Amino acid sequence: MKIPFKATLIIACSTLVLISCSRKKDKFINRNFHAVTAEFNALYNGYNALEDGKNSLNTSYFDNYWAILPIERMQISEEIVLPGQSKNENFTRAEEKAVKAIQKHSISIEGKEKNPQMDEAYLLLGKSRYFDQRFVPALEAFNYILYKYPASDKINQAKIWREKTNIRLDNDELAIKNLKRLLKQEKLEDQDLADATSMLAQAYLNTKSVDSAITQLEIASNATKNDDERGRYRFIQGQLYNELGKKDSANFAFDKVIELNRKTPRIYMIGAYIEKIKNFDYEKGNKFEMLELINELEENRENRPFLDKIYHQKAAYFLNNKSDSLAITYFNKSLRTNSQDKVLRAKNYEILGDMNFDKSLYQDAGNYYDSTMTNLVLNSKPYRIIKRKRDNLDDVIYYEAIAKVNDSVLHLVNLPEPERVAYFETFIEKLKIKAKEEKEKAEAAERNNTGLATVNSTIAGNRGNVPTRGGSPIQAATFYFYNPTTVAYGKNEFIKIWGDRALEDNWRWSNKSKSSSGNAILDTNILATASEDELFDPQFYISKIPSETKEIDSISKERNYAYYQLGLIYKEKFKEYGLAKNKFQNLLKSNPEERLMLPSKYNLYKIYELLGHNDEASIAKTDIISNYPDSRYATILNNPDSASAKDENSPESLYEALYQKFQNQEYAQVISESEAYINTFDGEPIVPKLELLKATATGRLYGFEAYGKAINFIAITYANTEEGKRAQDMEAHVLPRLTNTDFVKENDSTTNNYKVVFKFENPKPEQVANFKQTLDEALKNLRYYSLKSSVDVYNPTTMFVMVHGLKNAQVANTFDQLLNKEDKKKIRESYFVITSDNYQIIQIHKNLDAYLNTIINPK
């Protein structure tokens, strides 16, 4: 009986497959079956998954072209991943395929691997772990290849990938050592050479060896067959030359990137053009050619995705050529592209903020700085710099508003009557035009409302009795906020009456505004309260101009103080010496009070020195020495060397000495000396600190109410200083917690600490000192207790000598029984016992008598 040929073939193939599936035999058919199966099944699918993962990484990665680019485009995530989890499912799949290839197709006989694809499987395993940012397991896989497969044709790749992993683990020195040895021992070519030298360049960059990095990038650029990599390496070369200040070499490297054109990602070519534009010499270069180049980049349709960068650079070009209006236009164009580059957006906003600051448009500058911070990493160094500038700008906005308003008022005070009338007649004409426009808008809004109501009625009529979910007919949609014209009119009316108010509680309070609107002649409150006849009558406004000497002097003093503070802010915080000079000079021309004159002259002298105006500095110096010979400023100018040493009479030194007295509980002296120093240094930055120290001493000596008043005074008077903000915070959060005057019962106390208190009324200093010395000697004689004593001031006439360290109420109440017979004879003063919680209450509220009335007679 003949067996069919087809069946024979199937049986033979099945038998062959079954025989070749064995991983225990070192036969030709076994080795090649598992090698082919591993290569074209598990490893093929694994490398496909790896490529998908790499592509997703490249898609999501965003290069920061404002810093030196990394050699490898890979975003390192700080997110912590739990065991068994992965950052990217593609890399998990690639790893699983590598593991599957190892588990099912490894032929390990007598410790030797017979499947030639296993080194490829471990390489895939290491790469998938590397891109999944599990660098330690990746290092294990690469090291296993070096240990198990020393004769593999992938051995050099494994060595390179091992050093890439070492670099990711911050083992840069080890990576440099191993890569240099590899390049010396092996003759690498093509992509292996490019990979090794590019990674060596990254290690050099990490160790700040820029020259060595440039050399290795040159080798990598020439060796790689990948034009994407070549464009990136050349671009980084140009960046590094720029960092070294070698602009010609940098431009040569960027030209090589531009020559690649469409062979490399277009972002590299655009980046190269922009870097060359940044390197342009505005003094010697051809500005017309440069502008033509920028215009060509802007008009090229292929460059549309990069218009944000091109507009920014074109704006920078105009800014360097003093064409500020064009610069502003293109910075705003760059912002309107909705760029994904946060650093670029931050730079646009910051430059616009600086430009507004230079024009004294401080409110606008502050808004731009706010936008800058939203595009910076929170708490990064650039963020902190802008935040400090923005915080300082609050003070500038505040004092500039005062100066502007008060200058306007004083200008009107000094105008002759005819000019005042002419001024307000012009103002009234503008009011009439505005009123006419608003009337037309109101009429238009009314017509729209009428038309809308008619349409809605018609629609409602046509619907008949169509029920809603509630069963009632649908009503016409005549709600106010459904009509945008009516809403716009309402907004205008609100601003006309109330001004631009923030959305907050008590928004109608006029003192919510930081500007000194009370002195403004054309205050919105005046316009809102004026009748129709008064609104268009010049005499109504003229009657609001201050006329009393006392009021005018107050406005002048407030303006002068604002000038002084602005001068200090511009000089100390912004280093804007030109602006500071103008403020101090305007102050001295305004007949300021004596307390501001000398500090202003000295600050002007320092500014002249900083600006190199030696003649003006010499005149200012002579003026101070001649007219104020006994001042500390004259002392410093006569003996400049003493300025470098610590001046014992400087505000800072006096404050430190005063603080030492505060720590020694000399509260009355601190209060009196603080008041004297506040008058002496009025207008200087030390004053708020002195006020806060005085307030604290007042609270320690006179209690909660006096302390609350002092803190409130600081919060209002010095609202824009650090001390004022601290006082505001204390007023809002600390003082409310201290209002309670109820004593805590022993059982309810949060502590088991008790104090024995000896009270002294109007004592002499030596009386308290002698008693404390006697008490200390008695405490040393106690056998089972380690107790300490201290002296506390209660009020101007009362002092306490305290014993600390008692944990039991009964022991504290029988303290005198702890003393030996000799010590009892020495210590006969009466005492009372109090818990730490209650002692804090009597010190805060000075209610000792109330406490003593709640306990048994003190002993």
Side-chain angles (χ1 to χ4, degrees), residues 657-673 696-704 706 743-744 746 749 751-859:
L658 204 58
Y659 186 77
Q660 188 62 45
K661 290 180 180 180
F662 172 82
Q663 290 184 317
N664 294 335
Q665 301 189 63
E666 300 173 29
Y667 301 132
Q669 194 170 350
V670 169
I671 294 169
S672 63
E673 290 187 18
T696 309
T698 301
R700 294 288 179 89
L701 198 59
Y702 298 108
F704 178 77
F743 296 112
V744 181
E746 268 187 32
S749 179
T751 177
N752 59 348
N753 291 325
Y754 295 84
K755 302 179 187 297
V756 173
V757 183
F758 296 89
K759 176 184 171 187
F760 293 86
E761 292 287 350
N762 296 313
K764 294 180 180 179
E766 60 272 14
Q767 179 186 354
V768 175
N770 292 337
F771 177 79
K772 184 178 183 302
Q773 184 178 357
T774 303
L775 181 61
D776 287 341
E777 291 173 357
L779 295 179
K780 288 179 184 178
N781 296 330
L782 298 181
R783 291 185 178 182
Y784 306 109
Y785 297 93
S786 177
L787 307 178
K788 295 181 180 179
S789 71
S790 68
V791 176
D792 277 6
V793 173
Y794 175 69
N795 62 30
T797 60
T798 306
M799 295 186 72
F800 294 150
V801 178
M802 323 266 301
V803 177
H804 309 272
L806 292 163
K807 305 293 183 182
N808 184 281
Q810 185 177 357
V811 174
N813 283 307
T814 57
F815 170 75
D816 55 330
Q817 297 180 20
L818 299 178
L819 305 175
N820 60 39
K821 291 181 180 180
E822 293 298 323
D823 290 333
K824 283 183 180 179
K825 294 177 183 178
K826 297 176 183 177
I827 301 175
R828 296 182 179 180
E829 284 77 2
S830 62
Y831 66 87
F832 63 90
V833 176
I834 188 170
T835 62
S836 295
D837 292 335
N838 286 333
Y839 182 73
Q840 185 178 8
I841 290 172
I842 69 168
Q843 279 289 20
I844 291 172
H845 295 283
K846 305 302 177 185
N847 53 352
L848 175 61
D849 292 338
Y851 176 76
L852 292 177
N853 290 333
T854 64
I855 63 174
I856 303 173
N857 292 330
K859 299 180 180 180

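Since the model is a prediction, treat every value here as computed from it, not as a measurement.
- Using bins of under 30°, 30° to 60° and over 60° for the plane-to-plane angle, the ring pair Tyr794/Phe800 lands in the tilted bin.
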Please step through side-chain contact (heavy atoms from CB on, under 4.5 Å) for the pair Glu822 and Asn781, ending with a clear verdict. CA-CA 10 Å; Glu822 293 298 323; Asn781 296 330; over 6 Å; no
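- With rounding to the nearest 0.5 Å, the separation of CD in Gln665 from CE in Met799 is 6.5 Å.
- Residues Ser789 and Leu775 share a closest heavy-atom pair of CB-CD2, 4.0 Å.
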Show, in sequence, the C-alpha distance, side-chain angles and deciding distance for Val793 and Leu701, and conclude whether the side-chain contact (heavy atoms from CB on, under 4.5 Å) test is met. CA-CA 7 Å; Val793 173; Leu701 198 59; 3.8 Å; yes
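- With values rounded to the nearest 0.5 angstrom, Arg700 atom CZ is found 10.0 Å from Ile844 atom CD1.
- Interatomic distance, OG1 of Thr835 versus CG of Asn753, reported as 9.0 Å (0.5 Å rounding).
- Residues Arg828 and Lys824 approach most closely at CG-O, 3.8 Å, considering heavy atoms.
- Across all non-hydrogen atoms, the minimal contact from Lys755 to Ser836 is CE-OG, 3.7 Å.
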For a quick test of your reading: what N or O donor-acceptor pairs under 3.5 Å do the side chains of residues 760-767 make, sequence neighbours left out?
unit_1	atom_1	unit_2	atom_2	d
Glu761	OE1	Thr798	OG1	3.0
Glu761	OE2	Lys759	NZ	3.4
Glu761	OE2	Thr798	OG1	3.2

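- Of all the heavy atoms in Ile671 and Ala697, the pair that sits closest is CG1-CB, 3.9 Å.
- Paired with His845 under the rule ring-ring contact (aromatic ring centres under 6.0 Å, His included), one option of Phe704, Tyr851, Tyr702 passes, and it is Phe704.
- Contacts of Phe758 classified as ring-ring contact (aromatic ring centres under 6.0 Å, His included), with partners at least two apart in sequence or in another chain: Phe771, Tyr831.
- Inter-residue side-chain proximity for Phe815 and Leu787 is flagged as met; some heavy-atom pair is nearer than 4.5 Å.
- Looking at heavy atoms from C-beta onward, Val756 lies out of side-chain contact with Asn813 at the 4.5 angstrom threshold.
- Taking CG of Leu848 as the reference point, atom CG of Asn838 lies at 11.5 Å (rounded to 0.5 Å).
- Not a single side chain to side chain contact (heavy atoms under 4.5 Å, CB included) links Ala657 to another residue, sequence neighbours left out.
- At most 12 heavy atoms of other shown residues, nucleotides or ligands fall within 6.0 angstrom of atom CD in Gln840.
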Under the side-chain contact (heavy atoms from CB on, under 4.5 Å) criterion, do Tyr754 and Val811 qualify, and how do the steps go? CA-CA 9 Å; Tyr754 295 84; Val811 174; over 6 Å; no
Give the intermediate values and the outcome of side-chain contact (heavy atoms from CB on, under 4.5 Å) for residues Ile841 and Phe743. CA-CA 7 Å; Ile841 290 172; Phe743 296 112; 3.8 Å; yes
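- Side-chain N or O atoms of Asn808 include one that pairs as donor or acceptor with a backbone N or O of Gln810 at under 3.5 Å.
- To the nearest 0.5 Å, atoms NZ (Lys780) and CG (Asp823) are separated by 12.0 Å.
- Note that the OG1 atom of Thr854 and the CG atom of Asn847 stand 9.5 Å from one another [nearest 0.5 Å].
- Between Asp776 and Lys772 a salt bridge is recorded (basic side-chain N to carboxylate O distance below 4.0 Å).
- By the neighbour-count criterion of 12 heavy atoms within 6.0 Å, atom OH of Tyr659 is sparsely surrounded, having that number or fewer from other residues, nucleotides or ligands.
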